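First comes the structure, then the notes that go with it.
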Amino acid sequence: MPELPEVETTRRGIAPLLEGMTVAGVVVRQRRLRHPVPARLDASLRGRSIETVTRRGKYLLLHFHHGTLLIHLGMSGSLRVLPADTPPQKHDHFDLVLDKGRCLRLRDPRRFGLVLWTRDDPARHPLLSKLGPEPLSREFDTDHLAAQAKGRRVAIKNLIMNSQVVVGVGNIYASEALFLAAIHPARAAGKISRARLEKLVAAIRQVLRAAIRAGGTSLRDFTDSEGRPGYFRQKLKVYGRAGEPCPRCGAPIRQKLIGQRSSFYCGSCQH
DNA sequence: CAAAGGTCCTGCTCGC
DNA sequence: TGCGAGCAGGACCTTT
């Protein structure tokens with residue numbers, strides 16, 4: 001589930017507890033995630049120190065002197081820092097055991113998440129190398145989105161959820177941003193005026209920033225690194241609100257599948 | 001049987 | 001015919 005705000009919330013929670021810490025060991029209870037957890041992780045990491053914790057799109061990067069641990073939370077993943085002797089629950093697949101008796105624990109019921117190790121520049125890793133710009137960076141601007149949209153017949157909602165176009169925008173925030181920009185989610189990307197794409201860029205930034213401020217959105221699984229839910233759910237304007245009145249015009253919010261994903265929008269004021 | 005916050009892969013169509 | 005880009009659909013997995 002986690003989209004950019006939830007991953008960033010997680011990063012901010014774990015970074016101060018991880019940076020500078022030494023790895024005492026690795027425990028893998030289930031290595032069958034989206035990709036298999038590497039077999040020799042313990043040998044690679046034991047005794048090594050975590051330098052920094054960064055984020056690229058929805059990936060978390062734990063930087064060591066000799067490489068980088070990539071973690072993705074998939075649809076249902078969460079990370080917590082716990083006492084290392086906390087009994088693992090059913091879907092607690094991976095622990096990075098730290099010194100001072102703590103561990104970083106990955107829980108991921110659906111196992112769409114990921115733990116990988118790379119010794120090379122992570123930006124060149126196949127999973128990261130083709131990612132588009134960060135939505136909160138300068139690189140993501142009207143010129144960029146207009147260039148990506150040009151000539152494309154794909155629904156605008158699918159375009160902004162394409163990580164090669166811009167990273168971090170998932171199913172919740174795509175619906176929310178399109179509502180704020182008053183753009184119909186199924187509209188062909190290439191048929192939207194530059195002025196309206198400019199509004200969409202601003203809307204994506206605005207909704208992601210506000211969600212980070214609120215600690216993300218919790219629908220079911222997601223909690224931050226201390227086990228607390230995020231509070232942005234209360235601020236969602238359309239996502240999960242089918243049948244409720246549009247906050248702008250009062251018409252009922254609709255729910256429809258676009259590109260296999262549930263999409264929420266106002267059929268009256270989004271065009 | 002349906003749906004859930006993600007992403008990758010396959011195979012089709014279209015235009016050059 | 002061949003090739004690449006763009007796009008739709010399916011696959012992965014568990015729980016509610």
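Just so we're clear, the structure is a prediction, and the values are computed from it rather than from any experiment. Proteins come first, then strands; the chains are lettered A, B, ... in the order of their sequence lines, and each starts at number 1.
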Practice task
Quick one: do A:W117 and A:H66 satisfy ring-ring contact (aromatic ring centres under 6.0 Å, His included)? Show the steps, please.
Solution key: CA-CA 10 Å; A:W117 172 250; A:H66 64 315; 4.9 Å; yes
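Note: A:Y265 OH to A:I258 CD1 = 6.0 Å, rounded to the nearest 0.5 Å.
Considering only side-chain atoms of A:R261, the nucleotide from B:dC8, C:dC7, B:dG6 that sits closest is B:dG6. Of the listed nucleotides (C:dA8, C:dC13, B:dG6), C:dC13 has the atom at the smallest distance from the side chain of A:R32. Comparing B:dC8, B:dT7, C:dG9 against the side chain of A:Q260 picks out C:dG9 as the nearest. Listed nucleotides: B:dG6, B:dC8, C:dC7. Nearest to the side chain of A:R153: C:dC7. Minimum atom distance to the side chain of A:R152 is reached by C:dG6, of the listed C:dA8, C:dC13, C:dG6. Picking from B:dA4, C:dT14, B:dC8 the nucleotide with the shortest atom distance to the side chain of A:Q255 gives B:dA4. Side-chain proximity of A:F112 to C:dC13, B:dT7, C:dA8: nearest is C:dC13. Side-chain proximity of A:S262 to B:dA3, B:dG6, C:dG6: nearest is B:dA3.
Between C:dT14 and A:H91, no contact under 4.0 Å exists linking OP1 or OP2 to a side-chain N or O. Put simply, A:R111 has a side-chain N or O that comes within less than 4.0 Å of OP1 or OP2 on C:dT14. Side-chain nitrogen and oxygen atoms of A:K90 include at least one within less than 4.0 Å of the OP1 or OP2 phosphate oxygen of C:dT15.
Taking atom CG of A:L106 as the reference point, atom P of C:dT14 lies 15 Å away to the nearest angstrom. Atom CD1 in A:I172 sits roughly 11 Å away from atom P in B:dA4 (whole-Å rounding). With rounding to whole Å, A:R233 atom CZ is found 13 Å from B:dA4 atom P. If you take CG of A:L128 and C1' of B:dT7, they are 13 Å apart, rounded to a whole angstrom.
Between A:R110 and A:S163, it is A:R110 whose nearest contact on DNA chain B lies nearer the 5' terminus.
The shortest non-hydrogen separation linking A:P135 to A:I204 is CB-CG2, 4.1 Å.
Nucleic acid contact class of A:L127 (heavy atoms, under 4.0 Å, all strands): sugar-phosphate only. Within the 4.0 angstrom heavy-atom criterion, only backbone atoms of the sugar-phosphate kind lie near A:Y59; the bases stay farther away.
Checking A:V81, A:V97, A:L79, A:L82 one by one against A:R105, the side chain to side chain contact (heavy atoms under 4.5 Å, CB included) holds for a single residue, A:L82.
In this structure, C:dT14 forms a base pair with B:dA4, meeting either the Watson-Crick or the G-U wobble geometry with both donor-acceptor distances under 3.5 Å.
Rounded to a whole angstrom, the distance from the P atom of B:dC1 to that of C:dG10 is 15 Å.
Side-chain contact, A:S263 with A:K256: no donor N or O sits under 3.5 Å from an acceptor N or O.
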